[in-house]
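This report concerns only the one structure given below.
Proteins get letters first, then strands, A, B, ... in listed order; numbering begins at 1 in each.
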Amino acid sequence: MSEDKQIFYCSELADIQLQLSEIFTDELKELKLFELFQNIEMPLLKVLGKMELEGINLDVKMLQKFSGELEDEIKELEQKIFSISGEEFNIASPKQMGEILFDKMQISEKAKRTKSGQYSTSEETLSNLKGDHPIIDLILEYRGLQKLLSTYVNALPLLIDENSGKIHTTFNQSVAATGRLSSVNPNLQNIPIRTEKGKKMRESFIPRNDDFEILAADYSQIELRIMAALSKDESMLKAFNNGEDIHSATAAKVYKVEEKDVTREMRSHAKMVNFGIIYGISAFGLSQRLGIKRKEAAEIIENYFIEFPNVKEYMDKNILKARENEFVETILGRRRYLKEINSRNGMMRSFAERNAINAPIQGSAADIIKKAMIDVQQEIENQNLESRMLLQVHDELVFDMKKSEKEILMKIVKEKMEQTIKLDVPLVVDMGMGENWLLAH
DNA sequence: GTAATCACG
DNA sequence: ACGTACGTGATTACA
């Protein structure tokens, strides 16, 4: 965003606020939604504008080298895939890929198909066929590298602003139905981190100069903590208040063992269950994720609800409330309307019911981090710091931190993020710093 | 323009 | 009986 645009945008904003104050009736002003608008969304708009204008520095030299390496690897993989399949084709075309794999090579009898009747060649489908043919690994590898190259490594350097020399995203405040932000042009909320080569992409996000470093601060398990607080479930509250590992604690309960006897598999399953809880769990969904029978998944869920009865109660209560009002609410009164909640179509109704469970949790997490962002920015300005807030990634804030301000900035960020909204569970923020975004984790 | 795929929380 | 985990955005192929 240019300087002119920013000035225009701020005066425009003041104007809008003035006009709105005349439009809003006293009755409207008493609504909780109005408070959310006045106290969170409008102040946040200015904070986001500053983050967008600030931009983030990218190590272009490093990315150019990385790009060359990736291209070489991709060419090599391409040749291997062609020689195995005995034919040159467009690997990026799911249609051609499906025909080669399932018609020509017949690597599986029961090929899965997508909604439109095409062969499915998704990561999930191919991963299930992994052992069946060596070409599968090559394809997955090829796809991963191609994605990294075209979406990130080659694309981002082209978006560097010639005036600032930095990358400037745009944060959408009114796109996500739950109240989350979204980031576009480019999306800086989905920069790779899970794979080795993906991590390399994160390394390219660097501070503005040698006097600065990257600070990353992220909430630990914020959605589960919100679930504990909103449901007031005693076991869950206790686990968080005692600083326990929540997935291990869940595993111990669900599998009825001592916490010290929880195996890695049990913990990993419990982690999936906890995710499921936040998403509005179903036996089918859980069985897919865990690779177990639906009946087994149903038993795990049943056990979960026996151990965490208030969670079940909270979920039911939200669905009932949704049926009555056709909306659900977050802790700051943000609404998600769910008109399908009373639909006669079972699928649509189930979808709305999962939303009724998920939206207050995901949305409350958004409320909390948004309020923290306003507080942190205010404090940065009050204290005239040179450090800057750069990015928000749902449960994480990223800063360009002046090294000499390390102590004060870290104190502000931790304090504001953890204390801005008080719940019956502690909110815990982990922080890291380093000479790039990867090292800050 | 839509579908498929895959990157993140 | 039926098909499902929640929320996003970018790229590519293809009608």
Side-chain angles (χ1 to χ4, degrees), chain A residues 89-98 112-127 139-140 142-156 158-159 169-172 174-195 197-199 201-202 216 218-223 227 272-290 294 297 301 328 336 338 345-363 365-366 369 391-398 437:
Chain A
F89 63 102
N90 187 347
I91 305 174
S93 163
K95 189 163 169 267
Q96 292 180 39
M97 174 62 68
K112 224 177 100 184
R113 286 175 188 271
T114 62
K115 279 180 206 128
S116 57
Q118 265 192 53
Y119 291 121
S120 163
T121 66
S122 67
E123 144 98 54
E124 203 192 339
T125 309
L126 295 188
S127 287
I139 293 166
L140 289 172
Y142 174 93
R143 284 228 186 113
L145 299 187
Q146 185 59 50
K147 178 89 170 185
L148 193 61
L149 191 65
S150 62
T151 309
Y152 303 100
V153 180
N154 285 347
L156 288 186
L158 300 176
L159 294 170
T169 185
T170 299
F171 288 107
N172 288 316
S174 53
V175 169
T178 52
R180 272 188 174 185
L181 298 176
S182 84
S183 159
V184 291
N185 202 354
N187 183 354
L188 295 185
Q189 290 182 320
N190 72 346
I191 301 303
I193 193 170
R194 291 173 190 169
T195 65
K197 293 206 168 62
K199 286 189 162 76
M201 184 64 226
R202 269 203 186 213
D218 64 287
Y219 283 107
S220 156
Q221 306 293 353
I222 189 167
E223 295 190 345
M227 173 58 105
M272 296 293 216
V273 173
N274 279 331
F275 270 105
I277 291 298
I278 290 164
Y279 294 158
I281 203 158
S282 74
F284 183 87
L286 184 65
S287 69
Q288 292 285 296
R289 290 291 172 293
L290 296 184
R294 186 146 102 192
I301 294 171
V328 288
R336 177 165 187 177
L338 299 165
N345 180 327
M347 227 170 81
M348 290 170 88
R349 197 174 56 243
S350 299
F351 192 38
E353 285 174 359
R354 290 197 297 275
N355 285 155
I357 293 161
N358 175 260
I361 298 170
Q362 196 181 110
I369 195 167
L391 298 175
Q392 187 251 46
V393 192
H394 311 304
D395 63 355
E396 170 186 11
L397 297 178
V398 181
W437 194 4

Select base, sugar-phosphate, or nothing to describe what A:N190 touches, counting heavy atoms under 4.0 Å on all strands.
base
Does A:L181 reach a base, just sugar-phosphate, or nothing at all? Heavy atoms under 4.0 Å.
nothing
Less than 3.5 Å between a donor and an acceptor, one on the side chain of A:S282 and one on the base of C:dT4, is that the case here?
yes
So A:M227 and A:E223, do their side chains get closer than 4.5 Å, heavy atoms only?
no
Base of C:dT4 and ring of A:F284 stacked, centres under 5.5 Å, planes under 30°:
yes
Using a heavy-atom cut-off of under 4.0 Å over every strand shown, decide if A:E123 touches base, sugar-phosphate, or nothing.
sugar-phosphate
Students often get this wrong, so: under 4.0 angstrom with heavy atoms, is A:A177 touching a base, only sugar-phosphate, or nothing?
sugar-phosphate
Got a second to check how far A:L149's CG is from A:K197's NZ, nearest 0.5 Å?
12.0 Å
Rounded distance in Å - CD (A:Q362) to P (C:dA5):
16 Å
Is there a side-chain contact between A:H394 and A:I369, using heavy atoms and a 4.5 Å cut-off?
no
More than 12 non-hydrogen atoms from neighbouring residues, nucleotides or ligands closer than 6.0 Å to CZ on A:F275, yes or no?
no
Straight-line distance of A:L126 CG to A:M97 CE, nearest 0.5 Å:
7.5 Å
How far apart are the C-alpha atoms of A:I191 and A:L156, what are their side-chain angles, what is the distance that settles it, and do they pass the side chain to side chain contact (heavy atoms under 4.5 Å, CB included) test?
CA-CA 10 Å; A:I191 301 303; A:L156 288 186; 4.0 Å; yes
Between the CD1 atom in A:I278 and the CG atom in A:N358, the distance rounded to the nearest 0.5 Å is 8.0 Å
Toward the 5' end of DNA chain C, by each residue's nearest nucleotide, A:S183 or A:I281
A:I281
Between C:dC2 and B:dT5 - C1' atom distance, rounded Å
26 Å
Just the rounded figure in Å: distance from P of C:dA1 to CZ of A:R294.
11 Å
Atom pair distance, as rounded to whole Å: CZ in A:F171 and C1' in C:dG9:
13 Å
Counting only Watson-Crick pairs (N1-N3 plus N6-O4 or O6-N4) and G-U wobbles (N1-O2, O6-N3), all under 3.5 Å, who is the partner of C:dA1?
none
Integer angstrom distance from the P of B:dC6 to that of C:dA5:
15 Å
What's A:E396 touching, base or sugar-phosphate or nothing? Going by heavy atoms closer than 4.0 Å.
nothing
Nucleotide range of DNA chain B contacted by chain A, 5' to 3', under 4.0 Å to a heavy atom?
B:dA3 to B:dG9
Phosphate contact (C:dG7 OP1 or OP2) by A:R336 side-chain N/O below 4.0 Å:
yes
Would you say A:N345 places a side-chain N or O within less than 4.0 Å of OP1 or OP2 belonging to C:dG3?
no
Heavy-atom donor-acceptor pair, A:R354 side-chain to C:dT4 base, under 3.5 Å
yes
Just to be sure I understand the rule, does A:R143 reach a base, reach only the sugar-phosphate, or reach nothing, if contact means heavy atoms closer than 4.0 Å?
sugar-phosphate
Describe the nucleic acid contact of A:R349 in one word from base, sugar-phosphate, nothing, applying a heavy-atom distance below 4.0 Å.
nothing
Classify the nucleic acid contact of A:G280 as base, sugar-phosphate or nothing, counting any heavy atom under 4.0 Å across all strands shown.
nothing
